[in-house]
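Let me begin by presenting the structure, written as structure tokens, before commenting on it.
As the structure is a computational prediction, the values presented were derived from the model and not from experiment.
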Amino acid sequence: MNDTIELKVTGMSCEHCARAITQAIRAEDPGAEVRVDLAGGTVRAVTALPRDKVVAAIEEEGYGVAR
């Protein structure tokens, strides 16, 4: 079952950032639907991954996630 996870993410500024985050999440869950809102500083993922796995994938790319 997939859950919707919404996170405040810092350090995103361009489409490269959006692609890096999307690819990091999809590397763990290829079926994930990921939406990155650069202006709002948010990432929304519909995924089978638990929240901590999504946070870890984003942080491994060098971005900050509000707790």
Side-chain angles (χ1 to χ4, degrees):
M1 184 170 117
N2 290 347
D3 289 322
T4 300
I5 299 169
E6 294 193 37
L7 303 167
K8 277 297 261 185
V9 178
T10 59
M12 303 185 302
S13 61
C14 64
E15 286 301 316
H16 174 267
C17 299
R19 279 193 306 276
I21 288 170
T22 299
Q23 289 172 353
I25 295 170
R26 287 191 179 148
E28 299 291 325
D29 177 8
E33 294 177 31
V34 182
R35 288 197 182 154
V36 178
D37 178 358
L38 294 172
T42 61
V43 173
R44 181 176 185 265
V46 179
T47 179
L49 296 173
R51 178 185 168 88
D52 62 328
K53 284 276 204 186
V54 175
V55 169
I58 294 170
E59 289 179 338
E60 285 174 15
E61 291 298 313
Y63 302 96
V65 178
R67 301 287 175 168

Go through it in stages, so that I can follow the logic: the residues are V54 and V65, the test is side-chain contact (heavy atoms from CB on, under 4.5 Å), and I'd like the CA-CA distance, side-chain angles, deciding distance and then a yes or no.
CA-CA 10 Å; V54 175; V65 178; over 6 Å; no

Here the gap from E61 atom CD to M12 atom CE, rounded to the nearest 0.5 Å, amounts to 13.0 Å

Among L7, V36, T4, which residue satisfies the side-chain contact (heavy atoms from CB on, under 4.5 Å) criterion with R44?
T4

With sequence neighbours excluded, residues passing side-chain hydrogen bond (donor to acceptor under 3.5 Å, both in side chains) with T47:
D29

Worked check of side-chain contact (heavy atoms from CB on, under 4.5 Å) between T42 and V9
CA-CA 6 Å; T42 61; V9 178; over 6 Å; no

Compare every heavy atom of T10 with every heavy atom of Y63, then report the nearest pair and how far apart it is.
CB-O, 3.5 Å

Tightest non-hydrogen contact, residues V34 and R26, listed as N-NH2, 4.0 Å

In Å and rounded to the nearest 0.5 Å, what is the CG to NZ distance from D37 to K8?
8.0 Å

So CD of E59 and CG of D52: to nearest 0.5 Å the spacing works out to 10.5 Å

In the structure I gave you, are the side-chain heavy atoms of T22 and R35 within less than 4.5 Å of one another anywhere?
no

Looking at every heavy atom in both A24 and A57, which two are closest together, and how far apart are they?
CB-O, 3.7 Å

How many angstroms lie between CD1 in I5 and CG in L49, if you round to the nearest 0.5 Å?
7.0 Å

Scanning both residues in full, the closest heavy-atom pair of A66 with R51 reads O-NH2, 4.0 Å

Please write out which residues are connected to V46 in a hydrophobic cluster, directly or through intermediates, given that two of Ile, Leu, Val, Met, Phe, Trp, Tyr count as joined at side-chain heavy-atom separations below 4.5 angstrom.
none

